[in-house]
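This report concerns only the one structure given below.
The first residue of the sequence shown is numbered 1, and numbering continues consecutively from there.
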Amino acid sequence: MAYMLLIVEAQGERRLRAAEEGRALYGKMLDYTASLKRRGLLLASESLRSSAARLSIRAGRQSIVDGPFTEAKELVGGFFLLGCATREQALGLAAECPAAEWATVEVREIGPCYE
């Protein structure tokens with residue numbers, strides 16, 4: 001089974017960190033990524049920038065809204081796509097993630113949206 005760990009951060013938190021602290025936290029995340037790779041669990045991972053755009057199509061009309069989105073209280077700062085045997089294993093790996101100390105790590109199983 002595949003599980004995605006979404007790193008959900010408070011909007012604007014990155015800007016509040018000193019550069020040295022930001023680099024240190026990023027280093028911890030790189031170490032975590034390397035650990036997942038060594039164990040053969042990592043399928044993909046990326047950091048995400050805070051800038052974004054939202055696209056929707058309603059009644060054939062396309063709308064694009066560029067962020068930042070002032071109404072958003074959180075942002076998805078990155079993800080890890082993992083190959084895990086069980087939900088419990090995915091939750092255990094989420095608990096190892098350094099970001100759990102300053103963000104929320106959301107765990108989702110990959111699967112069809114309709115069954």
Quick one: [atom1] on [X] to [atom2] on [Y], what's the gap to the nearest 0.5 Å?
| X | Y | atom1 | atom2 | answer |
| --- | --- | --- | --- | --- |
| K37 | S45 | NZ | OG | 6.0 Å |
| E74 | Q11 | CD | CD | 9.5 Å |
| L81 | L36 | CG | CG | 11.0 Å |
| L82 | M1 | CG | CE | 12.5 Å |
| E96 | L5 | CD | CG | 10.0 Å |

Which heavy atom in [X] sits nearest to a heavy atom in [Y], and how many Å separate them?
| X | Y | value |
| --- | --- | --- |
| L48 | R14 | O-NH1, 3.0 Å |
| E9 | G77 | OE2-CA, 3.3 Å |
| Q89 | T86 | N-OG1, 3.0 Å |
| A103 | V8 | CB-O, 3.2 Å |
| A94 | A100 | O-CB, 4.1 Å |

Salt-bridge criterion met for R87 and E109 (N-O under 4.0 Å):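 Salt bridge between R87 and E109, a charged N being under 4.0 Å from a carboxylate O: no.
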For the CZ atom on R39, are there more than 12 heavy atoms of other groups (residues, nucleotides or ligands in this structure) within a distance under 6.0 Å?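 Correct, the count exceeds 12.
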State whether the number of non-hydrogen atoms from other residues, nucleotides or ligands found under 6.0 Å of E88 atom CD is greater than 12.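 Counting neighbours around CD of E88, more than 12 heavy atoms of other residues, nucleotides or ligands fall under 6.0 Å, so yes.
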Which residue pairs pass the ring-ring contact (aromatic ring centres under 6.0 Å, His included) test when at least one of the two sits in residues 5-35, sequence neighbours left out?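 Listed by first then second residue: Y32-F80.
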Do [X] and [Y] come close enough that some side-chain heavy atom pair is under 4.5 Å?
| X | Y | value |
| --- | --- | --- |
| C97 | M29 | yes |
| I64 | R54 | no |
| L42 | T33 | yes |
| L93 | C84 | yes |
| Y3 | R108 | no |
| V76 | E106 | no |
| L6 | V105 | no |

Please answer whether the main-chain N or O of D31 pairs with a side-chain N or O of S35 as donor and acceptor at a distance below 3.5 Å.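 No; zero donor-acceptor contacts below 3.5 Å.
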L25 and R17: side-chain contact (heavy atoms from CB on, under 4.5 Å), yes or no, with the steps? CA-CA 10 Å; L25 294 177; R17 291 186 191 119; 3.2 Å; yes
Any chain of hydrophobic side-chain contacts (each under 4.5 Å) joining L41 to V107?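 Yes, it is one cluster - the side chains of L41 and V107 are joined through contacts under 4.5 Å.
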